[in-house]
Student: 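Starting off with a structure, shown below.
Remember, it's a predicted structure, so these values are computed and weren't measured experimentally.
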Amino acid sequence: MRVVIAEDEVLLREGLARLLTDSGIQVVATVGTADDALREVAKHRPNVLLADVRMPPTQTDEGLRLAVLVGERHPEVGVLVLSHFIEPRLTMQLLERRSKGAGYLLKDRVGQVGTLVEAIYRVAAGGVVVDPTVVSTLVEKQQAAEALGELSARERELLGLMAEGLSNSAISERLVLSDKTVETHIRAVFTKLGLPPARDDSRRVLAVLKYLRATASYG
């Protein structure tokens with residue numbers, strides 16, 4: 001596994017490099033700007049670009065725009081965006097512009113090495129990763145929505161886990177439920193939300209998140 005890190009905070013950048021290296025991941029380049037990241041991705045063709053969402057010069061959405069550019073120029077390279085803040089709107093923009101091989105994690109997850117490494121591998125394989133805290137925020141904001149109001153507590157819980165990118169088997173393990181029970185709940189979720197079930201986990205996540213975005217504003 002080969003990774004390029006784009007992070008303007010020097011200490012965090014070096015800390016990430018050390019953590020990933022210690023976890024058996026090859027860090028082929030570390031940079032502090034989106035422009036440098038684009039050059040290093042073109043040079044090294046890594047499996048994943050790990051990028052801060054806010055970088056010089058504007059400190060707004062450079063990481064998001066970088067993810068889109070990498071997707072256009074090097075679609076085989078996954079992008080995992082990191083942020084200090086819960087930013088549902090930027091999360092939605094990222095996932096709408098990159099239908100696979102993309103993820104959004106809060107920087108709090110950096111200390112959870114297993115979670116970070118798992119996310120990197122999932123994105124490298126073309127999957128979609130959404131930070132559980134962001135998912136919870138999206139779901140909580142929609143509690144009053146009519147369709148979500150029809151979901152049971154268990155179905156809402158499964159919706160959140162699906163939006164995180166978990167497969168049916170992973171949900172079964174997390175909730176200690178049988179595969180058949182999980183499949184039944186998931187079918188009910190899609191039926192109540194008016195969303196056709198899809199075999200592809202990435203498309204399933206996007207379908208759920210697009211529904212959430214269509215029913216409210218995230219500010």
Side-chain angles (χ1 to χ4, degrees), residues 1-56 59 61-71 73-87 90-91 94-95 98 100-136 160-161 163-167 169-171 173-174 201-202 205:
M1 179 64 63
R2 303 167 70 249
V3 171
V4 168
I5 298 175
E7 165 62 58
D8 64 306
E9 295 181 34
V10 178
L11 290 179
L12 180 55
R13 184 168 72 232
E14 297 308 315
L16 280 169
R18 175 63 64 86
L19 284 174
L20 296 185
T21 299
D22 290 347
S23 299
I25 293 176
Q26 182 182 3
V27 178
V28 295
T30 61
V31 298
T33 69
D35 288 343
D36 287 341
L38 202 56
R39 283 193 291 270
E40 293 299 327
V41 167
K43 177 181 177 181
H44 295 285
R45 299 297 178 91
N47 301 101
V48 172
L49 167 64
L50 193 62
D52 186 5
V53 71
R54 300 177 187 272
M55 288 185 285
Q59 295 288 347
D61 63 349
E62 282 80 8
L64 172 63
R65 290 187 279 114
L66 174 61
V68 174
L69 277 175
V70 169
R73 300 181 185 182
H74 312 287
E76 75 284 1
V77 177
V79 178
L80 182 60
V81 176
L82 299 178
S83 175
H84 278 303
F85 310 104
I86 299 173
E87 300 176 282
L90 290 182
T91 306
L94 170 66
L95 297 181
R98 288 201 55 144
K100 61 181 182 179
Y104 188 102
L105 284 184
L106 295 179
K107 289 185 177 180
D108 291 347
R109 305 290 171 194
V110 170
Q112 302 171 16
V113 181
T115 298
L116 178 61
V117 170
E118 179 185 358
I120 288 172
Y121 275 90
R122 189 181 298 170
V123 167
V128 170
V129 175
V130 181
D131 192 283
T133 305
V134 176
V135 172
S136 296
L161 295 177
E164 287 178 33
L166 271 65
S167 64
S169 60
I171 293 174
E173 293 179 8
R174 177 79 65 87
D201 285 341
S202 298
V205 170

Student: Just how far is it from atom CG of D131 to atom CG of L106, taken to the nearest 0.5 Å?
Tutor: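 Going from CG on D131 over to CG on L106, the span is 4.0 Å.
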
Student: Which value, rounded to the nearest 0.5 Å, describes the distance between Q112 atom CD and L19 atom CG?
Tutor: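 Output value for this atom pair is 12.0 Å.
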
Student: Among pairs that include at least one residue of residues 116-129, which meet side chain to side chain donor-acceptor pair (under 3.5 Å), considering only residues two or more places apart or in two chains?
Tutor: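 Qualifying pairs: E118-R122.
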
Student: At what distance, to the nearest 0.5 angstrom, does CG of L166 lie from CZ of R174?
Tutor: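 One finds 5.0 Å between CG of L166 and CZ of R174.
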
Student: Working note: L38 + V70, criterion side chain to side chain contact (heavy atoms under 4.5 Å, CB included); need CA distance, chi angles, decisive distance, verdict.
Tutor: CA-CA 7 Å; L38 202 56; V70 169; 3.9 Å; yes

Student: Would you confirm whether S83, through its side chain, and F85, through its main-chain N or O, come within 3.5 Å as a donor-acceptor pair?
Tutor: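 Between the backbone of F85 and the side chain of S83 there is a qualifying donor-acceptor contact (under 3.5 Å).
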
Student: Between I5 and L20, is there a side-chain heavy-atom distance shorter than 4.5 Å?
Tutor: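 Yes; the side chains approach each other to less than 4.5 Å.
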
Student: Report the residues that fulfil salt bridge (charged side-chain N to carboxylate O under 4.0 Å, His left out) with D36, sequence neighbours left out, ordered by chain and then residue number.
Tutor: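 Residues passing salt bridge (charged side-chain N to carboxylate O under 4.0 Å, His left out) with D36: R39.
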
Student: Please name the pair of heavy atoms, one in G103 and one in L94, separated by the smallest distance, quoted to 0.1 Å.
Tutor: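 So the two residues come closest at O-CD2, 3.3 Å.
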
Student: Over all heavy atoms of both residues, which pair between L105 and A119 is shortest? Give the atoms and the distance, please.
Tutor: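 Taking L105 first and A119 second, the nearest heavy atoms are CD1-CB, 3.7 Å.
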
Student: Main chain of G32, side chain of D8: is a donor-acceptor contact present, judged purely on distance under 3.5 Å?
Tutor: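 Looks like no, no N/O pair under 3.5 Å.
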
Student: Quick check: closest heavy atoms across V81 and G63, and the distance to 0.1 Å?
Tutor: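 For V81 and G63, the tightest heavy-atom pair comes out as CG2-O, 4.2 Å.
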
Student: Would you say that L82 contacts V110 through its side chain, given a criterion of any heavy-atom pair below 4.5 Å between the two side chains?
Tutor: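 Side chain of L82 against side chain of V110, heavy atoms only: contact under 4.5 Å found.
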
Student: Under 4.0 Å between a Lys/Arg side-chain N and an Asp/Glu carboxylate O for D52 and R13?
Tutor: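 Looking at R13 together with D52, the answer is no, because their closest N to O distance does not fall below 4.0 Å.
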
Student: Are R54 and E62 ion-paired here, with the side-chain N under 4.0 Å from a carboxylate O?
Tutor: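 Salt bridge flag = no for E62 with R54.
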
Student: For R2 and H44, which heavy atoms make the closest approach, and how far apart are they?
Tutor: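 Nearest heavy atoms, R2 then H44: NH1-O, 2.8 Å.
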
Student: Which of these, L16, T30, V48, V28, sits in a side-chain contact (heavy atoms from CB on, under 4.5 Å) with V3?
Tutor: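 Testing V3 for a side-chain contact (heavy atoms from CB on, under 4.5 Å) against L16, T30, V48, V28 leaves exactly one candidate, V48.
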
Student: When you measure from the side chain of E7 to the backbone N and O of E9, does any donor-acceptor pair fall under 3.5 Å?
Tutor: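 Pair found, side chain donor or acceptor close to backbone of E9.
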
Student: Within the 4.5 Å heavy-atom criterion, are L116 and L80 side-chain neighbours or not?
Tutor: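 Yes, close enough: below the 4.5 Å cut-off.
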
Student: Answer with yes or no whether the side chains of T33 and D35 bring together a donor and an acceptor at under 3.5 Å.
Tutor: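 No donor-acceptor contact under 3.5 Å links the two side chains.
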
Student: Determine whether R45 and E76 satisfy the following criterion, side chain to side chain contact (heavy atoms under 4.5 Å, CB included), listing intermediate values before the conclusion.
Tutor: CA-CA 8 Å; R45 299 297 178 91; E76 75 284 1; 3.6 Å; yes

Student: Would you say the side-chain atoms of N47 pair up with the backbone N or O of A124, donor to acceptor, closer than 3.5 Å?
Tutor: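 Checked: no pair found.
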
Student: Testing the basics here: between S23 and V113, what is the closest heavy-atom pair and its distance to 0.1 Å?
Tutor: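 Looks like OG-CG1, 3.3 Å.
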
Student: How about V117 and I25: do any of their side-chain heavy atoms sit closer than 4.5 Å?
Tutor: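 Sidechains of I25 and V117: in contact.
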
Student: Indicate the atoms forming the closest heavy-atom contact of L49 with A37, along with that distance.
Tutor: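 Shortest heavy-atom separation between L49 and A37 comes out as CD1-CB, 4.3 Å.
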
Student: So with a 6.0 Å cut-off around CZ of R18, is the heavy-atom count from everything else above 12?
Tutor: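 Counting neighbours around CZ of R18, 12 or fewer heavy atoms of other residues, nucleotides or ligands fall under 6.0 Å, so no.
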
